[in-house]
Amino acid sequence: MNWQALFFEFFLYGILIYSFLVVLFYLFMGVFSTIEIRKYLRTNSFADWNVLAASEHLPGMSILAPAYNESANIIENVRSMLSVNYNKLEVIIINDGSKDDSLEKLINEYDLYKTTIFINEQIRTKKVRSVYKSNNPIYSKLIVVDKVNGGKADALNVGINLAQYGYVVSLDVDCILEQDALLKMIKPFLEETKVRVIASGGVIRIANNCKIENGRLIQINLPKKLLERIQIVEYIRAFLLGRMAWSRLNGLLLISGAFGAFDKEIVIKCGGYNYKTVGEDIELIVRMRRYMEEHKLPYKVTFIPDPLCWTEVPSNYKVLGRQRNRWTRGTVETMRTHKVMFFNPRYRLLGMVSYPYWFFFEFLAPIIEFIGLIFFFVLAWLGLVQWGYFFILLACILSFGFLYSAFAVLMEVLTYNQYKGKNDILKLFIAAFLEPIVFHPFVVWSAIKGNLDYLRRKNNWGEMTRQGLNPVQPAVAE
Amino acid sequence: MKEFYLFPIIIYTLLILLFLVAVLILYFTIRREESDHNKIAWQHCVRVVIVGVVFSEEVEGGCEAMTYDFERRLDKKGYRNYMIDELIKTKKAFSGSSTTSLKLLYERLNLDVDSFRKLHHSKWHIRAKGIQELGIMEQTKYRKEIFWLANDKYELVRNEAQCAMVSFFGWSGLSFLSAIEHQMSQWHQVQLLDKLSNVKPDAFDDIGEWMASSNDSVKVFAIKLATLYKCHEVYQDVVKCLQSTNSQVKINALEYLRLMPREDTSDQMINNYYAESTGYKLAVITALKDIGSEKEISFLVKELDDWDDDIKVAAANAVSVLHPLGNDFFETYPFAKIKPWREIFFQITNKKVA
């Protein structure tokens, strides 16, 4: 056997083994998420949310919502946060040096006055210019902070320093929360008797084309654009299957920055959000877990499958590309920062399973796919491709991907069944079928660009233009 | 490369699975639509009966409204469960005599037997559901069976059994606290406290015994009860809890002492202060602001020098309340012009900035 044949065999079997492992992990996720969701649904039908909404016995929670140039929708968004069902609540809006009139709008609408709150700077941040509270007792839960621009992570750190309660909820200011979202979110923290729950995540759902009035979600509609529908399938798959499975194993590494709750004490002990990364959400969870492992403290990161938070997703490829590019850079930065955990038995499941999974199947997957594609073109050019095998292999991969997405749609139907419009499920099914053709290659390409940008040390957030959840209003830039 | 011949088999398998998933989606979508359709059809019948019961003086009012359709459907298990759910929903929303009428209707339709049957189901969540139904519908005749489940190995079952006992007997229903071996979660404690919010006990039997329990969660819950009911009798028991090794027990004991102080309370709180955690220290200083006297000022002034800024803020707040000079004391403090004291004192003296 010559070296070319050896290389060919090695590469081919390498790809095959990798694909086999991917399939195996997906199978495991399907099984584990099903068990976990079933358990959750069985236990959570017992709580009386109406009684708990008024309970004085629940611990306080602080919502932290950084805002940068959110003037178009900020009044409605803050109203939505203030209307959430929770008794002991404070809403901290952090104006991260917006260049628009967000702050003026807030001051006028909520009758704010400048107050002198001493901020215990347990986490170092950029300078806080002023803190505002409302003269109107109806808005007594509202605190607005004006600070020098320092990015989302820095703004969240200011919120953590200022928060008076022991549990903090990070929330993108443009997200719409379900009324009982915080009650459902606090539950895992209080349910555990043996271990400390350090963070909890909730499902993010897509609000494009949904009807929203006064900051509340009135009607759930399937988006009209295929790109948005594909992202619905992708989100269901990622949240309902992926994260629920990892939650069961207590191996979850990511709680979305759009909506997550944290034990403030542990966050502060870990040093808060890392402002040097664009993936501050994944980095914080990894650091918190690492801290707990290193101090040998029993802990848990939980995830709940209830659709609690609704957000807008990119509706064109340009913005989607920027988002995925940023996600990739965030993953790479986190993997690099915490590389000491890679197959390190000291970190138990975190080091031996969670981290390697993220490394091989989240970080490396697009790179391997891309290299595989180049290799394929080279072989095709050299006339070495056995087209029969190629098409069979391709059909295998595509049908498994489609099967997994279809299974996610089935889980959605069996659990929360949010899309009840005529033919909605069929449309999702079609979106799942088209995803590998019109969506996945673009996501892989964006990830490759993200890796290249990381190597070029580009660390900008990337402008995220939104259509706005209320179509009457103009586009907003984040 | 013989193994490549396996691939067609894999593809066929995947396609069959895909077909199965598609069929399942279709099946469950249709079933769900049918179930929604059924519920809409049932809704009218059930609501007529329930509204009849709620708004008439006697339970017979509801019975008059029982149509042929309603009674015919009562043979169906799904319909009976739907009826139970609707009765429970309505009972939670109402109070007074109408809830008694709902209870009587529940019994008259023998729905309590359905709920009781669930207690013997093999699945734990269905057992818990049965207990919850019997508890909300105040079916005290099943108390013995339910009491035994208050120490069940399944958390949800024992939680529902404990809630049911409190629904039945109020304070007396808490007798399970003397027997439970498992830890009570904070979530469950909140639920029990919410259930007890309208209960006014005549005597606080057993509360001292619960505070001495070897189960720390029982201890915490007993202190919360004593705080909720402003139970002065157990003062000494609560003071003893300050020696506990469990931080939750101590923090809850401090809250009780803050609300029900005696002459020696401040001394008891400060006793072991320097060996405690920051959370404990903050709770003590916050409590001293409410219950302290001039006697504690020197202690609090000393705490203004603590390394933790949160303690400095709490101590400054307490001093501003307890010191005879009030906020003017800050001007006499040697580091008053230095960061962070300057900002802390400024915050306390100027809540609003023009």
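By convention in this document, chain letters (A, B, ...) are assigned in the order of the sequence lines, proteins followed by strands, and residues within each chain are numbered from 1.
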> Counting only non-hydrogen atoms closer than 4.5 Å, does L183(A) touch chain B with its backbone (N, CA, C, O), its side chain (CB onward), both, or neither?
backbone
> Pick one of side chain, backbone, both or neither for K129(B), based on which atoms fall under 4.5 Å of a heavy atom in chain A.
both
> Can you tell which part of Q122(A) gets under 4.5 Å to a heavy atom of chain B, answering side chain, backbone, both or neither?
side chain
> Tell me whether Q347(B) contacts the main-chain N or O of F118(A) through its side chain, where contact means a donor paired with an acceptor under 3.5 Å.
yes
> For E155(B), is it the side chain, the backbone, both, or neither that has a heavy atom closer than 4.5 Å to a heavy atom of chain A?
side chain
> State, to 0.1 Å, how close R32(B) and L414(A) come at their nearest heavy-atom pair, and which atoms those are.
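Closest approach of R32(B) to L414(A), heavy atoms only: NH2-O, 3.2 Å.
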> Can you tell which part of N50(A) gets under 4.5 Å to a heavy atom of chain B, answering side chain, backbone, both or neither?
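Neither; nothing under 4.5 Å.
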> Check this for me: F46(A), atom CZ, are more than 12 non-hydrogen atoms of other residues, nucleotides or ligands nearer than 6.0 Å?
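Enclosed: over 12 neighbouring heavy atoms sit under 6.0 Å from CZ of F46(A).
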> Side chain, backbone, both or neither: which part of F429(A) has a non-hydrogen atom closer than 4.5 Å to chain B?
side chain
> Taking side chain as everything from C-beta outward and backbone as N, CA, C, O, which of these in Q132(B) sits under 4.5 Å from a heavy atom of chain A? Side chain, backbone, both or neither.
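Side chain only.
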> Which atom names give the shortest non-hydrogen contact between L156(B) and R42(A), and what distance separates them?
CD2-O, 4.0 Å
> Within a reach of under 6.0 Å around CZ of R38(A), are more than 12 heavy atoms found that belong to other residues, nucleotides or ligands?
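No.
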> Is any side-chain heavy atom of W124(B) less than 4.5 Å from a side-chain heavy atom of T43(A)?
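A side-chain contact under 4.5 Å exists here.
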> Under 4.5 Å heavy-atom distance to chain A, tell me which part of K312(B) shows up: side chain, backbone, both or neither.
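Neither; nothing under 4.5 Å.
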> Among V190(B), V313(B), L24(B), which residue forms the greatest number of heavy-atom pairs with chain A at distances under 4.5 Å?
V190(B)
> Can you name the nearest heavy-atom pair linking A395(A) to I11(B), along with the distance?
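What the structure gives for the nearest pair is CB-CD1, 3.5 Å.
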> Given a strict heavy-atom distance threshold of 4.5 Å, which part of L18(B) is in contact with chain A: side chain, backbone, both, or neither?
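Both parts, backbone and side chain.
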> Checking L403(A) against chain B: side chain, backbone, both or neither under 4.5 Å from a heavy atom?
both
> Using non-hydrogen atoms and a 4.5 Å limit, figure out which bit of I126(B) sits close to chain A: side chain, backbone, both or neither.
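Contact with chain A involves no heavy atom of I126(B) at all.
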> Give the member of H188(B), E160(B), Q191(B) that has the highest number of heavy-atom pairs under 4.5 Å with chain A.
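Among the listed options, the one with the most contacts to chain A is E160(B).
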> Could you look at A54(A) and say if it's the side chain, the backbone, both or neither that has a heavy atom under 4.5 Å from chain B?
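Neither; nothing under 4.5 Å.
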> Heavy-atom pairs under 4.5 Å with chain A: which of I25(B), T13(B), L26(B) has the most?
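Option with the top pair count is I25(B).
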> Of the backbone (N, CA, C, O) and the side chain (C-beta and beyond), which part of Q189(B) lies under 4.5 Å from a heavy atom of chain A, both, or neither?
neither
> Can you establish whether the number of heavy atoms outside K264(A) located under 6.0 Å from its atom NZ is more than 12?
yes
